Undergrad: 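Sharing a structure below in structure tokens format, with a few things to ask.
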Amino acid sequence: MSNMMRDSQIMAQIRDDDLGYMSDMALELAQMAEDTGLTTLAYLFRMAALEASTANSVLAEPDDLPRQMTSH
């Protein structure tokens, strides 16, 4: 039982690291696109970076969700 929990924590950590990496990479690509005058592409990369970082913060704190729902 504890092995399964540990494995899921490791998987969650890997997923969070991947999302953080995707966010950073998308921001770098956005900067490159901007530098070459591709503003539409830069915008799309910035949206992708935002999406990845938002997903990262939501997944990192699943305990906050129930409290937010019941606090109203």
Side-chain angles (χ1 to χ4, degrees):
M1 186 72 170
S2 62
N3 280 349
M4 282 176 55
M5 288 179 69
R6 192 185 67 224
D7 289 349
S8 67
Q9 284 177 337
I10 292 169
M11 290 304 294
Q13 185 59 50
I14 291 170
R15 183 187 56 204
D16 292 347
D17 291 347
D18 287 349
L19 285 167
Y21 173 77
M22 283 167 42
S23 178
D24 293 344
M25 186 55 66
L27 285 174
E28 282 184 38
L29 290 168
Q31 189 59 55
M32 286 204 253
E34 238 166 42
D35 292 345
T36 53
L38 303 171
T39 51
T40 305
L41 192 59
Y43 172 78
L44 291 174
F45 280 127
R46 288 194 191 285
M47 288 296 103
L50 182 65
E51 192 73 29
S53 63
T54 302
N56 199 6
S57 62
V58 167
L59 291 172
E61 297 155 7
D63 296 343
D64 290 349
L65 293 175
R67 265 184 272 132
Q68 286 175 356
M69 288 180 186
T70 55
S71 65
H72 296 296

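Keep in mind the model is a prediction, meaning the values are calculated, not measured.
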Undergrad: Other hydrophobic cluster members with Leu27, side-chain heavy atoms of Ile/Leu/Val/Met/Phe/Trp/Tyr under 4.5 Å, chained?
TA: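 Leu27 clusters with nothing; isolated.
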Undergrad: OG1 of Thr36 to CD of Gln31: how many Å apart, nearest 0.5 Å?
TA: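 Reported value, rounded in 0.5 Å steps: 10.0 Å.
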Undergrad: Return the set of residues passing salt bridge (Lys or Arg N to Asp or Glu O under 4.0 Å) with Glu51 (not counting sequence neighbours), or none when no residue passes.
TA: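 Per chain and number, Glu51 pairs via salt bridge (Lys or Arg N to Asp or Glu O under 4.0 Å) with no residue.
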Undergrad: Starting from the C-alpha separation in whole Å, work towards a yes-or-no answer on side chain to side chain contact (heavy atoms under 4.5 Å, CB included) for Leu29 and Met32.
TA: CA-CA 5 Å; Leu29 290 168; Met32 286 204 253; 4.0 Å; yes
Undergrad: Check Ala33 against Ala42 and note the closest heavy-atom contact, atom names and distance.
TA: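 Distance-wise, the nearest heavy atoms are CB-N, 3.7 Å.
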Undergrad: Are the side chain of Ser53 and the backbone of Ala49 linked by a donor-acceptor contact shorter than 3.5 Å?
TA: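 Side chain of Ser53 to backbone of Ala49, a donor-acceptor pair under 3.5 Å: yes, one is there.
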Undergrad: Enter the distance from Gln13:CD to Asp18:CG here, rounded to the nearest 0.5 Å.
TA: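 Rounded to the nearest 0.5 Å, the CD-CG separation comes to 10.0 Å.
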Undergrad: Quick one: do Leu38 and Met25 end up in the same hydrophobic cluster if we chain Ile, Leu, Val, Met, Phe, Trp and Tyr together by side-chain heavy atoms under 4.5 Å apart?
TA: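 Shared cluster, yes.
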